[in-house]
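As structure tokens, the structure follows; a few thoughts come after it.
The structure displayed is predicted, hence computed values, not measured ones.
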Amino acid sequence: MNLRRLLLFRRSARPFLPRAGSGWRVLLLSALLGGAASARPVAIGGAAECRARFAAVRGGEALAVWTLPRLGVAVRNDPQDLRLQFTRQQVTRELRFSPQTGWRAVGFTLNAKLPLPELAGGSLFVPLQALTLLGVTVTADAPDLLDFAAPAQVPAQTLPPSPTTATPAPTPSPAAVTPTPGTPSPALPSPTPPAPVPPAPTFTPVASLGTVRVSRALHRTVEVQRVVLELNVTDTRLTPFTVTREAAGLSVTLPGVSAAPVTQKLESGDQLSVQPTATGAAVRLGTGGGRSEIFTLDNPARVVIDTTTYTDTRVPPPINPDALAPGVTYRQQGKLHLLSFDPAQYQTRVVSAPAGRTSGVADLVRSVGGVAGVNGGYFDPASSLPVDLVAVGGLMTAGSLEKRATLGVTARGDTLFGYPRPRYVLSGTDSQGAPFSVTVNSVRARPAPDLLTAFVGDGRSSVGADGLTTLYAAPGSGAVLRALTGPVTPPAGTLSFTFDPARYPHLPRSAGAP
């Protein structure tokens, strides 16, 4: 089982973004500063209303590419073909990066060596020096503030792929080939077929896919990933998107939306691709079988894909509040998760793994056709035996520690709670007719010559030893069922008592004794 996203995000759980009309004064970005343990506010136009997050990366401080349009920088957010373009006073400067060529400058000379872009948290980051080379104005660069000048305009379109200027290889001319008499003429090389041309758009764009933001969080064994497709809407007549679910992911079709092709492997290992089509854009997210929920948000227009993945299928999944059985309610109070059951439809009971064995909670629940379960005690990993009170059907299979709270469930399903001190007590009259009462020291299979031990047989565990006596009895019975000497294996459900006759001379030693 590798389901994703049983933890569902509600539509009200919106990422923190500036509202329309805020004047672009608040910059929502992540700044990564090598070796820094704190964060400084990042602002636009003097308003510092958010705090950047810092982590150790090469090259010092860096900014997420998807945030740069808010600074007036047009971008192409592609790790294989990155473009940053900024226009100031009618002068355009551009930086391009690809893993094959590294950084290149267009419109100016690149005299400084820039650190490489980096992927972190599903986002592509570029060094702060790249913005200063482009001419983006930093109005304040102090230890407690990084403030950028408000841009004259915010780019609404994603930059197209970088233009290529590759020169085709020369083709031999037929006149330059002189065949030797008596030999066949050499065949001319076949021309290379042209690369397939993507279909030309047959629509008038009503929006463009501006930025794609990815966040990822890990809650124990539950991975939560959010992919946000942010749209730059130019026409309110936006056609609703369609979703096609696949075995290992999903595809989202965005009619009337223009987009540049992008293929990226996310931090979670998922594969994200964006491809333009003749009628719009197609986005595919390969989640490896995870469960995804899709919804939209406004101001700005966004398509959000929330995916949940269980990284360890051995751990029971968290509760899905939308898939509860009838008669079951769920609520969360702080860090406490509460399940309530209708007593007319459900009954509580105690279920134990076989003695000396362990079993997962989910397996125990399934074994009795239950709907929920919770750990009921502790056990010794070496022997798989419980270390505290277990009593089922009137038989105590594990003794109780002192001053330990205990939850009990009656045969009718009623619950009991308290601090019991349950004990096995043998009482009767000895051979001289004198009454006696002896409390059992320990409940376990392993015998001890100086102790009176009890054990509820499981059909495979041996009790007793040479020189020790073992009695079989039933709770509340008035006579001994069997009296044996040496190692024996009590049948399943049989109550046995083992002792040294020399130490407990008043206890019976024969079957039928009271």
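The distance from atom CZ of R503 to atom CG of L468, rounded to the nearest 0.5 Å, is 12.0 Å. Between atom CG of residue L119 and atom CG of residue L266 there is a gap of 9.0 Å, rounded to the nearest 0.5 Å. Remark: L481 CG to Y472 OH distance equals 10.0 Å, nearest 0.5 Å. Distance check, rounded to the nearest 0.5 Å: CG of L63 to CZ of R70 gives 12.5 Å. E246 CD to R284 CZ: the interatomic distance, rounded to the nearest 0.5 Å, is 4.5 Å. Here OG1 of T211 is found 9.0 Å from CG of L231. Values are rounded to the nearest 0.5 Å.
Closest of all the heavy-atom pairs between M396 and V443 is O-CG1, 3.6 Å. Between R446 and T453, the shortest heavy-atom contact is O-CG2, 4.2 Å. Of all the heavy atoms in A207 and T234, the pair that sits closest is N-OG1, 3.8 Å. Contact record, G249 with T287: CA-OG1, 3.5 Å, taken as the closest heavy-atom pair. Shown here for D500 and G467, the closest heavy-atom pair between the two residues is OD1-O, 4.1 Å. Closest approach of L250 to S292, counting heavy atoms only: CD2-CB, 3.4 Å.
Taking the side chain as every heavy atom from C-beta outward, T296 and F241 approach each other to under 4.5 Å. At a threshold of 4.5 Å between non-hydrogen side-chain atoms, the residues V456 and V392 do not count as touching. Side chains of L209 and L229 form a contact here, defined as non-hydrogen atoms less than 4.5 Å apart. At least one side-chain heavy atom of T329 sits less than 4.5 Å from a side-chain heavy atom of S340. At least one side-chain heavy atom of Y424 sits under 4.5 Å from a side-chain heavy atom of L395. For the pair F499 and T469, the minimum side-chain heavy-atom distance is below 4.5 Å. Looking at V283 and V227, their side chains never come closer than 4.5 Å, going by heavy atoms from C-beta outward. In this structure the side chain of V328 reaches within 4.5 angstrom of the side chain of L339, judged on heavy atoms.
Within the 3.5 Å criterion, the main-chain N or O of G334 finds a donor-acceptor partner in the side chain of Q332. The backbone N or O of P300 lies less than 3.5 Å from a partner atom in the side chain of R302, making a donor-acceptor pair. Judged by distance alone, with hydrogens and angles left aside, the side-chain atoms of S359 form no donor-acceptor pair with the main-chain N or O of D363 at under 3.5 Å. Not one N or O on the side chain of T253 forms a donor-acceptor pair closer than 3.5 Å with the backbone of A282. Checked by atom type and distance alone, the side chain of T397 pairs as donor or acceptor with a backbone atom of V390 at under 3.5 Å. One N or O on the side chain of S496 and one on the backbone of F455 form a donor-acceptor pair closer than 3.5 Å. No donor-acceptor pair under 3.5 Å is formed between the side chain of R213 and the backbone N or O of E230.
With hydrogens and angles left out, the side-chain atoms of Q225 and T309 include no donor and acceptor closer than 3.5 Å. For the 3.5 Å distance criterion, the side chains of T311 and T221 fail to qualify, holding no donor opposite an acceptor.
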Under the side-chain contact (heavy atoms from CB on, under 4.5 Å) rule, what do V228 and W66 come out as? Steps first, then yes or no, please.
CA-CA 11 Å; V228 181; W66 62 266; over 6 Å; no

Residues Q333, R331; criterion side-chain hydrogen bond (donor to acceptor under 3.5 Å, both in side chains); working and verdict:
CA-CA 7 Å; Q333 184 173 337; R331 64 189 178 96; 3.2 Å; yes

Audit row: S400, D388, side-chain contact (heavy atoms from CB on, under 4.5 Å) steps and yes/no:
CA-CA 5 Å; S400 174; D388 208 347; 4.1 Å; yes

Applying side-chain contact (heavy atoms from CB on, under 4.5 Å) to D306 and F295, what does each step give before you reach the verdict?
CA-CA 9 Å; D306 282 341; F295 56 90; 3.4 Å; yes

Set out, in order, the CA-CA distance, both residues' side-chain angles and the distance that settles side-chain contact (heavy atoms from CB on, under 4.5 Å) for V212 and Q264, then state yes or no.
CA-CA 11 Å; V212 178; Q264 181 177 348; over 6 Å; no

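Residue R482 qualifies as open at atom CZ: its count of foreign heavy atoms under 6.0 Å is 12 or below. In the displayed structure, R423 atom CZ is contacted under 6.0 Å by more than 12 heavy atoms of other residues, nucleotides or ligands. Applying the 6.0 Å contact sphere to OH of Y378 captures no more than 12 heavy atoms from other residues, nucleotides or ligands. Within 6.0 Å of CZ on R412 lie no more than 12 heavy atoms contributed by other residues, nucleotides or ligands.
Considering only residues two or more places apart in sequence or on other chains, S462 meets the side-chain hydrogen bond (donor to acceptor under 3.5 Å, both in side chains) condition with none of them.
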I'd like a table of donor-acceptor pairs (distance under 3.5 Å, sequence neighbours excluded) in which one partner is a side-chain atom from residues 504-514, with atom names and distances.
from: Y504; atom 1: OH; to: N441; atom 2: OD1; distance (Å): 3.3

